[in-house]
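Structure record follows, encoded as structure tokens.
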Amino acid sequence: MRILALFKVVAELEALTEEDWRVDAELRPQERYVRTTLNPEDESALELALRLREALPPGEAVLTALTIGDERADRTAATLMALKFDRVVRLAPPADLRFRPELTAALAAAEILARPQDLILTGCRSADGGNALTPFFLAERLGWPIVAETLSLAPASAPEAAEGGEETGETAKAAETAGPSGGASAWPGGGLPPLAVESLTDDGLLRQVVVPPLLAAVGNAPSAYLRVPTVKDRLSFGRRPPEVRQAAKGLDVRPRLKLRSLTRPDERRRVRLVDQGAPSDKAAILLQALTERRP
Amino acid sequence: MNREDIVANLKKILGADRVTTEEQALRDASVDRFRKYENIRGVCTQPVPAAIAYVQSAQEVSDVLQFASEHQINIVPRTGVSATEGGLETVVPDSVVLDGSRMNKILSIDPYDMQATCQCGVSLQTLDDRCREMGLTTGHSPQSKPLAQMGGLTATRSIGQFSTLYGGIEDMIVGLEAVFPNGRITRIKNVPRRAAGPDIRHVVVGNEGTLCFITEVTVKLFPYYPENNVFLGYLLDDMKLGFELLREVMVRGYRPSIARLYDPEDGASHFSHFAGDSCVLIFMAEGPKGLAQATAEAISAIVAQKPQCRPVDPDYIRRWFNGLNWDPIKVAEERAEIIATNNIGHTTEISAPWSRLYEIYEVVMKRVRAEVPDLTLLGGHSSHGYINGANIYFVYYYNMVNIVPEEEITKYHLPIKKIIVEETLARGGSMCHHHGVGKHRAAWIEDEYGSSFYILKTLKEAFDPRGVMNMGDIIPLKR
Ligand SMILES: Cc1cc2nc3c(=O)[nH]c(=O)nc-3n(C[C@H](O)[C@H](O)[C@H](O)COP(=O)(O)OP(=O)(O)OC[C@H]3O[C@@H](n4cnc5c(N)ncnc54)[C@H](O)[C@@H]3O)c2cc1C
């Protein structure tokens, strides 16, 4: 199974000080002074990709990690190499991608169409833009089903796969139209192994059995921190630089919307300190405050 | 005396509301951050103490200590609970944890005599914030400033990030009050200096709760001029050159408040946004404007002689500096991350003369890398400089592979510590720069002291003849 995890390295915007919020001519705050970090939901997507590789028979999964961004991503790329991703690719962006989910999706789609994949994992939203649209635009461009707010995914058990195969006729059909995988099959039914995907919906936890191709947009997955490579693996595998390429040429990268202003969100919170009285008095004050706020 | 009787007596002395026997609190109180992994995993390997007793006055401390001495009950003093070396481990069954955190009054801040007096449970953050409101500072700024309290800071011979200018806690303590296990309350008066026999403050400072309980301290104050701070930062490719430059600055007589050198591995977690794979050399000059500027200019000139050092925008350093300290939120985040990744980090800090520093750094890196499995990070920095040497703070993280929680220490942490301690002692350095000995470096204490161990041992025998003060700490328990 060819698995591609899409990741992004973001500036720790919450660490920006008041003075860093001086925006420049391109309407950027002084991001360079804060550290960068792997976007949390992408981190979960990368970890889920590694777990899936472990759950599949050895040699079954081919893992690619893809980012579209500048060299600030290279440290994370080295970590992924050390974690033995088969390929790590960084596409240099042709334009400012902030607030441009449609362009990010187009660039990723071009890369994916050029080097086909069976499963795409990515975070639902990034810590900086936060529009939560990129995975949907990407799925639309590829014509693939998407499971948003994915929490976990693993090869489906045999009974689950047999049952789920019927239920997800829709997605299986989508798989056919998206083009067959070149990957070998380890599951008795032939083709790609069905995956059991858990996601969070408005109605609670949903477990679906899906036959790839699939785009799983990972949400707030519990305990899916990216594992840490050992120093030995860093030295042995982490030194290869990522493949760096220009993102697809020939795309119309002109923005349709113009960014006019950027202001810091007001995240101040009101605090009331209750430091008088016995615990029961404090609890009563808290209860009253909570009930007052209820509609 | 059995546990029930110990608790009953403590309640009689202090009142029932000041004695805790809640199971989880007791389990937590049996360890400190040295055994954070066991604690996170809910494993308890140390004897659970009989009680935690909260004291509110020197007299109460005296009463409890007399009771403990009489019945030979081991007392483990604590305040901020940020200890990292097992100082809080209750290795003796049915110990009593004596908690001074409720003695949290600032008694005076005197801007004329430039000294502040407070009880042992005052957090350093609270004290320094109050001082800063008055244009003053204690000059003490350990990374644990939001966690640690004045009693513990004094008891461990702590040091802060501005030590190169202000010194360690031992340079700041003017006088103090301490209670000895026989119940005697002693007060060392606050004078600028005296030559009236040995400096007995140093019997108390650094005793780690093994000789006495510190109830009150008076520290020096300094004018606070943050507006004059000058930051300098450089990238370089080699730690050896970095140590040379730190030395050069110190021996030429300059006193920046910060003089730090990070290797690429350790630096990566702080400076990845601008340093790449380079070593990072950092200085901060502070004080009256003319002095701060002259210091910064002189340091710039010294570093400029080494073209291999590339200056960075000082704003990187200024901003880095503002986010360095650990508060309870960061401790909670660390717990969550350890659980999720099964990856954990610890540190060991040593000091050595300039002539041996780089050698120690190099041999430790080589040996730990070769001998310890599953390492994910091994790095170090030097953060406290002196005329004759500096410290190295080794930082190491590892994945915990195929172990039960209690094996984390034996499979990983202690083997690493052992290498660092042995290589340092072999080269004439000190195995403890500022975290104290605790329980886990006690095994090497005789090597650390050599023939002067006689003095240390005699102090312990004299002040704690019944063996009730934090036994197993500094001096190992005889098995
Ligand atoms: C994130 C982090 C960063 C740190 N950074 C630094 C740093 O920059 N510099 C530094 O020096 N240390 C540092 N430390 C170590 C620690 O904060 C210090 O050792 C600190 O001095 C401990 O103070 P505390 O109040 O938390 O003491 P505790 O943890 O409560 O106790 C520490 C030791 O002192 C004894 N003790 C405590 N109170 C008393 C008392 N009243 N009388 C007698 N003995 C007592 C205890 O028995 C124990 O042995 C750091 C720790 C952490 C967790």
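For the numbers below, each heavy atom of this structure counts, side chains included, while hydrogens, waters and symmetry mates do not. A, B, ... follow the sequence lines: proteins, then strands. Residue 1 opens every chain. Remember, it's a predicted structure, so these values are computed and weren't measured experimentally.
The greatest number of non-hydrogen atom pairs below 4.5 Å with chain B, out of A:Asp233, A:Asp20, A:Leu235, is found for A:Asp20. Interface check for chain A: of the options B:Leu378, B:Thr341, B:Asn399, B:Leu375, the most heavy-atom pairs under 4.5 Å are formed by B:Leu375. Per-residue counts of heavy-atom pairs under 4.5 Å with chain B were compared for A:Arg32, A:Glu47, A:Glu31, A:Glu71; the largest is that of A:Arg32. The most heavy-atom pairs under 4.5 Å with chain A, out of B:Tyr397, B:Trp320, B:Tyr316, come from B:Tyr316.
When heavy atoms are compared at a cutoff of 4.5 Å, A:Val34 approaches chain B solely by way of its backbone atoms N, CA, C and O. In this structure, the portion of B:Asp313 lying under 4.5 Å from any heavy atom of chain A is its side chain and not its backbone. In this structure, the portions of B:Arg369 lying under 4.5 Å from any heavy atom of chain A include both its backbone and its side chain. When heavy atoms are compared at a cutoff of 4.5 Å, A:Arg75 approaches chain B solely by way of its side chain, counted from C-beta outward.
Nearest approach of A:Val228 to B:Thr376, heavy atoms of both residues: CG1-CB, 3.5 Å. Minimum heavy-atom separation, A:Val231 to B:Leu377: CG2-N, 3.6 Å. The two residues B:His273 and A:Thr36 have their closest heavy-atom pair at CB-N, 4.3 Å.
Within 6.0 Å of CG on A:Leu287 lie more than 12 heavy atoms contributed by other residues, nucleotides or ligands. More than 12 heavy atoms of other shown residues, nucleotides or ligands fall within 6.0 angstrom of atom CD in B:Glu227. Other residues, nucleotides and ligands place no more than 12 heavy atoms under 6.0 Å from the CG atom of B:Asn402. The 12-atom threshold is exceeded at NZ of B:Lys330, counting heavy atoms of other residues, nucleotides or ligands nearer than 6.0 Å. More than 12 heavy atoms of other residues, nucleotides or ligands lie within 6.0 Å of CG in A:Asp86, so this atom counts as buried by the packing criterion. Surrounding NZ of B:Lys366 are at most 12 heavy atoms belonging to other residues, nucleotides or ligands under 6.0 Å away. Around the CZ atom of A:Arg98, the shell of radius 6.0 Å holds more than 12 heavy atoms that belong to other residues, nucleotides or ligands. More than 12 heavy atoms of other residues, nucleotides or ligands lie within 6.0 Å of NZ in B:Lys411, so this atom counts as buried by the packing criterion.
Side-chain contact annotation: A:Tyr225 with B:Asn343, donor-acceptor N/O pair under 3.5 Å absent.
Atom CZ of A:Arg35 sits about 11.0 Å away from atom CZ of B:Phe274, to the nearest 0.5 Å.
With salt bridges taken as basic N to acidic carboxylate O contacts below 4.0 Å, none links A:Arg234 and B:Glu265.
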Checking side-chain contact (heavy atoms from CB on, under 4.5 Å) for the pair A:Lys232/B:Asp374: CA distance, chi angles, key distance, verdict? CA-CA 8 Å; A:Lys232 281 202 177 89; B:Asp374 309 317; over 6 Å; no

